[in-house]
Amino acid sequence: MRFSQYFLPTLKEVPSDAVIPSHILMVRAGMIRQLTAGVYSYLPLGLRVFRKIEEIVRQEMNAIGGNEFLLPGLSPNELWAETGRLVDYGDDMFRIKNRELVLAPTHEEVFTSIAKPNLISYKNLPQMWYQIQTKFRNEARPRGGMLRVRQFTMKDAYSFDATWQGLDESYSKQAQAYRNIFTRCGLKFFTVTAHSGAMGGSESEEFMVEAEAGEDTVVISSDNKYASNLEVASSYAEPVGRSDSGLKLEEFHTPNIKSIDELAGFLGITDKTRLAKSRLFVVPAKSEGAKDGYVLALVCGDDEVSETKLSNIYAAIRPGHPDELLEIAGADAGSIGPVNFRNKSVEFIADLRLKDADELISGACKNDHHIRNIDLKRDVPGIKYEDIRTVKDGELSVDRNSKLRLVKAIEVGHIFKLGTRYAEALSAKYLDDNGKENVIIMGSYGIGIERIAAAYIEQNNDKDGIIWGGEIAPFGIHLISVGKKSDEIRQSANKLYEELKKSGYEVLYDDREDISPGIKFKDADLIGIPLQLVISEKNMKNDEIEVKIRRSGVREMVKSADIFNRLPFFMEKA
RNA sequence: CGGGGUGUGGCUCAGCCCGGUUAGAGCGCCUGGUUCGGGACCAGGAGGCCGGAGGUUCGAAUCCUCUCACCCCGACCA
């Protein structure tokens, strides 16, 4: 492609609305332009990258027996009502105003509706279906350039199996395909087990790319054996233990003490482990007329309650409102504790660190008062112990063999054993070899195409621009002609360009005239094509071509006659 | 949805508090010339009813009210 004919608007300055590196660079390198919040136009260079990623994904899907579909974005309300998601998806789904249609945010329903009349015998199974298609999600707050948007390209795949073992196989095929895809895209990634959600038992893994701009916080062990979403991560935590002193409960006055830190300061101590932090949660009633439940969660004063872990134990929970606290506990947030509860139907749960602990200090359920010498075993009958704390940076892994690190990460892929939820709702069933009717067992597997590009750029950039590599570089070679425009330079650059193309290289040829060399070099580094070839007056005198590797910045002079012999070597190194 | 911020030529921004001639700068763009290995130089030029509506005022980019859009933090979400 000749630069002079290519629409490649590069920007010297940082766009005012871009903050993270991938967003800034995608705009500056002329890959994308924003149309409105969370919606981007793909310019020729960006499209080229996205298409390359799609092609890798397509190849790997086909390699595991995937059937490529292309389903519509528009979808009838009726179908979504059948699975309950017309309501459940809430405001995150775009809804058409003048027709009973939605813009599909995902395609379980539509794929299942095709499976239902067609996958009717065990002989039709298993099947692996996928598409690379535009998704619409009405994100409340799009952010981070292409990281969270309202319209994006997703590869979504769905497996249909007759048995749970079959699902396991489909799932692991996808997992392997995902590893191939991200490796080929040049991403440094890892996987974490995602939280199982309300359905429980369903296996689910997220493919994560470490990046400061990421929205997820992930815990990884230094020996790389453990990785988990912070929400559900566990660490080794020293138990508080018992002293068995048998000291009696003792209430004391703590004027205006609201937080654990203030309490520690008031008591003149630094170790907060025995200052039990109490948080009251509401378990909303499941049906009309039923009563809400209440849970008091206790953790050490230097820990935080993980609401995700709690909700995995109690299903839906929410923090109690101030007026609820007062009514149920008889005190405001800073003075609540496990004894003296006004409302007797509260369940108590404490973190494992506090198992059977005594000599604890906590709120007295009376404003401005605390109690010391609380013995959970003696004073809080019926208390449960579970892992409900949030892991902190620098703690030891559960096996105590390595240190844990909290990192920010971008989720680029998610695979999920769906089970029978959608097939059941839409009654997609097949007959087994005994003639018995069974519900089809499904898995779903998603990859965000643009997110891969963004995540790649987050990991591969420097002060000058993007550094492409792997298989997703928009072009393999950036040919630059510099210097005073003479017929000589123009002709030899043109000739090299044609020869490179003939040899199968993808070349961006900066043939612009009356553009100073500096601009060409800056643009080349910004766009970040792995190899730059420079033809100039200076080089031509020695019958040489300069080869620059974008990533390392290394330059080497190569005799014109040798260039085609040496190129594979350079491509390898780039 | 809560909190904060920003809207001024194509881009990045100044001017706004403290209202007062024709609204500025840099970059980019056009013309001519000089340059030609890391975002060149000189000369000339085009381009904006200051997000929108209403109001205050003799007079509004500037003050007030409403509104729209975008960005950031959080909530939510995958």
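Atom set for the values below is all heavy atoms of this structure, side chains included, hydrogens, waters and symmetry mates excluded. Below, chain A is the first sequence line, B the second, and so on; all start at residue 1.
- Atom-to-atom, CG of A/D525 to P of B/rG39 comes out at 12 Å; the value is rounded to the nearest Å.
- Nearer the 5' end of RNA chain B, as judged by each residue's closest nucleotide, is the contact made by A/L526, out of A/Q34 and A/L526.
- Of the candidate nucleotides B/rU12, B/rC27, B/rC77, B/rC27 has the atom lying nearest to any side-chain atom of A/K12.
- The residue A/R555 sits close to a base: some heavy atom pair falls under 4.0 Å.
- For A/F475 and A/W468, the distance between ring centers is not under 6.0 angstrom.
- Residue A/V14 is the one, among A/G38 and A/V14, whose nearest nucleotide of RNA chain B lies closer to the 5' end (criterion: closest heavy atom).
- In this model, a side-chain donor or acceptor of A/R148 finds a partner on the base of B/rA78 within 3.5 Å.
- Ring centers of A/F189 and A/Y178: at least 6.0 Å apart, outside the cut-off.
- Residue A/A140 is in base contact, counting any heavy-atom pair closer than 4.0 Å across all strands shown.
- Look at CG on A/D514: it is 16 Å from C1' on B/rG39, rounded to the nearest Å.
- In summary, A/E210 and A/K188 do not engage in a salt bridge, as defined by a charged side-chain N under 4.0 Å from a carboxylate O.
- Counting atom types as modelled, A/E13 pairs a side-chain N or O with a base atom of B/rG26 as donor and acceptor under 3.5 Å.
- With a 3.5 Å ceiling on both atom-pair distances, the Watson-Crick or G-U wobble partner of B/rC41 is B/rG33.
- Atom P of nucleotide B/rG38 and atom NZ of A/K463 are separated by 14 Å, given to the nearest angstrom.
- At the heavy-atom level, A/R318 lies nowhere under 4.0 Å from the strands shown.
- Salt-bridge formation is not detected for the pair A/R421/A/E108: no Lys NZ or Arg NE/NH1/NH2 atom is positioned less than 4.0 Å from an Asp or Glu carboxylate oxygen.
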